[in-house]
Amino acid sequence: MSLLAELQQRFRIPLAQLVGDDPAELASLLDMIKPAQDAKFGDYQANCAMPLGKKLSKPPREIATSIIQNLQIDDICESPEIAGPGFINLRLKQNWLRDQLDSVLQDPQRLGVQPVAEAKTYVIDFSSPNVAKPLHVGHIRSTVIGDALCRILRFAGHKVISDNHLGDWGTQFGMIIYGYRHFLNEAAFQSQPVAELGRLYREVRQTMDYLDKQESLPEQQQRLAALQSQIDELAAQPKSGDKAQDKKVAKELGRLKSQASELDQSIQQWTAKAAQLEAQTGWQQRIQQHKDIRQAVLQETAKLHAGDPDNQRLWELFLPKCRQVIQAIYDRLDVSFDQQLGESFYHNQLSDVVQEFVQKGFAQESDGAMCVFLDGFESPMLIQKKDGAFLYATTDLATIAYRVRTWNPDSILYVVDFRQGDHFQKLFAAARKWGFDNIEFRHVEFGTVLGDDGKPFKTRDGDIVGLEGLLDAAVDAAFQVVAENDDRKPNGPELSQEERQQIANIVGHGAIKYADLSQNRTSDYVYSTEKMVALKGNTAAYIQYSYARIRAIFAKGNVSPASLTDGSKQIRIDHDKERALAIQLLRFADAIREVSVDYRPNLLTNYLFGLATSFSEFYAECPVLNADAEEIKQSRLQLCHLVSGTLKTGLSLLGIQVAERM
RNA sequence: GCGCCCAUAGCUCAGCUGGAUAGAGCAACGGACUUCUAAUCCGUAGGUCGAAGGUUCGAAUCCUUCUGGGCGUGCCA
């Protein structure tokens with residue numbers, strides 16, 4: 001049951017009488033029925049009389065009156081009231097609320113959420129890390145948002161195929177192969193292959209970075225000097241007297257200065273790091289011996305792609321081990337995929353894709369590369385480099401073809417960083433040109449994770465932050481809070497060390513996920529460890545805590561949920577807080593639907609935070625076990641049961657677990 | 001240069017594709033534990049929604065311009 005859908009259904013008839021039954025217009029008018037902004041206006045409001053006033057050139061209040069006259073709603077609402085310019089305010093009837101809750105109580109699995117009428121098939125592409133590199137903070141958003149969307153859309157009734165498009169075929173493997181051939185510690189590889197592969201990757205990376213940076217250092221220093229002299233010149237300029245002109249100069253000066261200081265900082269960071277490397281024994285020798293490492297790595301990669309048996313064998317040796325590392329994190333995060341078809345799965349289809357594009361006249365050679373020129377785009381999409389190698393775009397096209405062949409989806413979602421927006425716009429345009437024009441392609445984009453300084457989140461040394469470390473930090477912080485809270489309990493601590501750790505795991509991982517999901521996905525967001533440590537306010541912990549408080553009531557009162565749902569008791573809604581809680585409970589279906597419209601999980605976190613808040617207010621004012629009368633106690637237990645079920649289900653749709661005790 | 005995105009309380013952010021007096025969480029201040037977990041609740045304070053125009057009954061939301069920032073921009077992914 002959706003509250004909103006029910007109300008909209010009732011308004012359909014009187015509105016059709018006014019404007020006819022054009023579905024688009026009707027839908028837009030029905031969209032103007034919303035939860036009331038302010039409780040004093042009632043529970044819901046219909047705002048459609050005002051725009052109709054314009055259209056029908058009658059006073060909106062008059063239109064509102066005629067809508068109400070034809071509106072059959074007295075089983076759901078008190079008689080509607082017209083307010084202000086023509087708002088129609090609706091107040092739900094206690095009896096109706098009670099009946100609705102009673103029926104949800106009989107439906108613990110779906111909590112009154114009916115599967116969508118038209119189920120669609122979705123392919124959701126998310127996470128997609130390079131398997132040779134450790135997961136870092138940048139992977140959180142794609143993984144967590146993608147997983148939540150899978151769960152939510154599935155719950156809504158759609159068919160969902162989650163697919164992790166692993167980067168398992170790129171330069172990273174050239175790097176590891178090179179490392180294996182030159183830096184291998186055989187014993188370490190035998191005993192701890194995964195760790196050793198990680199080390200090899202880092203060794204090669206470091207060597208390549210060193211050469212890159214050393215090479216570009218003079219140029220950067222030159223740029224810094226140039227900036228500096230530009231600054232000096234500008235600063236030495238006498239004031240022109242023209243205010244606007246002076247202001248412009250001052251602004252330019254400020255910009256140059258911040259550019260210079262940023263550049264200076266990065267140079268200093270690098271020189272410090274380089275000095276550290278050079279202090280290592282054998283570093284100079286390393287550089288001497290491997291000064292061609294960058295070309296060599298490309299060569300190893302090219303050989304792999306060309307089917308060289310030695311490199312192929314090494315790749316087959318490494319891949320499972322690399323995937324094992326990543327899988328461990330997915331296990332920790334409780335994220336799973338239906339498919340994990342990486343780039344390697346598509347590599348032998350790429351030349352066919354290019355050939356087809358050429359044959360159909362969609363692609364042509366330009367500057368030696370194979371290009372797809374698309375209307376509305378300044379630059380073409382490259383599908384083959386002049387050296388013959390294929391690109392990201394080529395693989396993505398092959399992937400689309402495979403997915404359509406295999407699953408025939410209505411929609412393919414890509415949960416990827418917003419910076420790849422251009423790429424996806426081109427990819428989608430090319431795919432439509434190719435004939436896939438009845439599929440919804442959607443780049444579900446998200447913003448960057450920033451550090452406290454407002455810049456992309458890095459460690460103090462400028463390194464990318466590893467994901468495992470963040471998870472550990474969140475769990476540690478959660479452990480502190482769990483322990484503190486338990487120690488402070490009125491009747492002494494209740495939890496064993498083991499239980500505390502288990503709860504800390506649930507709370508810590510939940511905190512990370514929730515912090516991400518509660519943000520509007522399109523905005524950048526500032527990741528602050530401090531915020532994680534807090535675990536109060538609008539966090540997963542707050543919601544989990546509400547759940548645990550309910551479970552504590554049930555434990556203390558020895559209440560079995562079955563006794564509440566056998567139909568022998570009826571919910572009563574007398575107290576204001578009970579009423580608010582009841583309405584919030586019935587909005588669950590609407591929250592699920594809203595998330596599905598534009599793939600925005602934060603609408604579900606908003607809902608759950610609202611529900612937990614409603615519950616906390618109820619909890620503060622309405623005793624449950626000690627209620628004045630037995631019927632009230634039973635009724636409140638029923639409400640509690642519905643809240644705990646909704647919180648648990650809602651969090652599970654975000655990939656977040658609950659603990660029975662906290 | 002061109003394209004996309006952003007600017008809302010001291011901080012971090014919501015604001016449901018135009019609705020009534022712009023919300024929440026942190027942080028600050030003041031209250032509430034002999035009563036189901038105080039990770040909570042109640043209250044106070046805090047805003048020219050970057051600026052200026054426009055569209056209309058009505059704008060944080062839509063349009064234009066400007067300012068400030070981020071990102072992308074032919075052989076990385």
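The analysis underlying the following values was restricted to heavy atoms, covering all of them including side chains, and did not include hydrogens, waters or symmetry mates. On a predicted model such as this, the values are computed, not experimentally measured, just so you know.
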How far does the [atom1] atom of [N] sit from the matching atom of [M], given to the nearest Å?
N     : M     : atom1 : value
B:C13 : B:G70 : P     : 16 Å
B:G47 : B:U8  : C1'   : 8 Å
B:U55 : B:C71 : P     : 37 Å
B:G53 : B:G74 : P     : 40 Å
B:A20 : B:U34 : C1'   : 47 Å
B:A7  : B:A28 : P     : 28 Å
B:C11 : B:U73 : C1'   : 34 Å
B:C75 : B:G18 : P     : 41 Å

At under 4.0 Å between heavy atoms, what does [X] touch on the DNA or RNA strands: base, sugar-phosphate, or nothing?
X      : value
A:N485 : base
A:Q37  : base
A:F377 : nothing
A:C48  : nothing
A:V597 : nothing
A:Q420 : base
A:D422 : sugar-phosphate
A:M662 : base
A:P51  : base
A:Q172 : nothing
A:V526 : sugar-phosphate

Are A:R521 and A:D516 within salt-bridge range, i.e. N to O under 4.0 Å?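 Answer for the salt bridge query: no.
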Considering only NZ, NE, NH1 and NH2 on the basic side and carboxylate oxygens on the acidic side, decide whether A:D486 and A:R500 come within less than 4.0 Å.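 Judged by the 4.0 Å cut-off on N to carboxylate O distance, A:D486 and A:R500 do form a salt bridge.
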Any N or O donor-acceptor pair linking the side chain of [X] to the base of [N] at under 3.5 Å?
X      : N     : answer
A:N538 : B:A24 : no
A:N89  : B:A20 : yes
A:S366 : B:G74 : yes

Return the value, rounded to whole Å, for the distance between atom [atom1] of [X] and atom [atom2] of [N].
X      : N     : atom1 : atom2 : answer
A:L52  : B:G18 : CG    : P     : 15 Å
A:L604 : B:A14 : CG    : C1'   : 15 Å
A:M32  : B:A20 : CE    : P     : 14 Å
A:F618 : B:C42 : CZ    : P     : 14 Å
A:I383 : B:C75 : CD1   : C1'   : 12 Å

Which nucleotide, [options], lies nearest any side-chain atom of [X]?
X      : options             : answer
A:S379 : B:U40, B:U73, B:C75 : B:U73
A:L391 : B:C76, B:G19, B:C36 : B:C76
A:R419 : B:G72, B:U37, B:C75 : B:G72
A:F373 : B:G74, B:G72, B:C13 : B:G74
A:Q519 : B:U37, B:A14, B:G19 : B:A14
A:K386 : B:C75, B:C71, B:G19 : B:C75

Pairing stems for RNA chain B [at least three consecutive pairs; Watson-Crick or G-U; under 3.5 angstrom]: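 RNA chain B stems, ordered by first number: B:1-7 with B:67-73, B:10-13 with B:23-26, B:28-32 with B:40-44, B:50-54 with B:62-66.
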Which sits closer to the 5' end of RNA chain B, A:A83 or A:R661, going by the nucleotide each is nearest to?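 Between the two, 5'-proximity favours A:A83.
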If you assign A:D31 and A:V507 each to the RNA chain B nucleotide with the nearest heavy atom, which residue ends up on the more 5' nucleotide?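 Nearest-nucleotide comparison on RNA chain B picks A:D31.
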Where the side chain of A:Q544 meets the backbone of A:Y542, is there a donor-acceptor pair that is under 3.5 Å apart?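 Not confirmed, A:Q544 side chain does not pair with A:Y542 backbone.
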Does the side-chain ring of A:F87 lie flat on the base of B:G19, meaning centres under 5.5 Å and planes less than 30 degrees apart?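 No, the aromatic ring of A:F87 does not stack with the base.
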For the base of B:A39 and the side-chain ring of A:Y542, does the geometry meet a stacking cutoff of under 5.5 Å between centres and under 30° between planes?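 No, A:Y542 does not stack on the base of B:A39, since the centre distance and plane angle fail the 5.5 Å and 30° test.
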Do any side-chain nitrogens or oxygens of [X] fall under 4.0 Å of OP1 or OP2 in [N]?
X      : N     : answer
A:Y619 : B:C42 : no
A:N602 : B:G15 : yes
A:K489 : B:C33 : no

Taking atom CD as the centre, does A:E81 end up with more than 12 heavy-atom neighbours from other residues, nucleotides or ligands that are less than 6.0 angstrom away?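 Atom CD in A:E81 is not packed in, count stays at 12 or less.
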Quick one: does NZ or CZ of A:R587 land under 6.0 Å from the six-membered ring centre of A:Y607, within 45 degrees of the ring axis?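 Ring-cation test returns no.
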Over 60° means perpendicular and under 30° means parallel, so classify the ring planes of A:W169 and A:H347, tilted if in between.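 The rings of A:H347 and A:W169 lie parallel, inter-plane angle below 30°.
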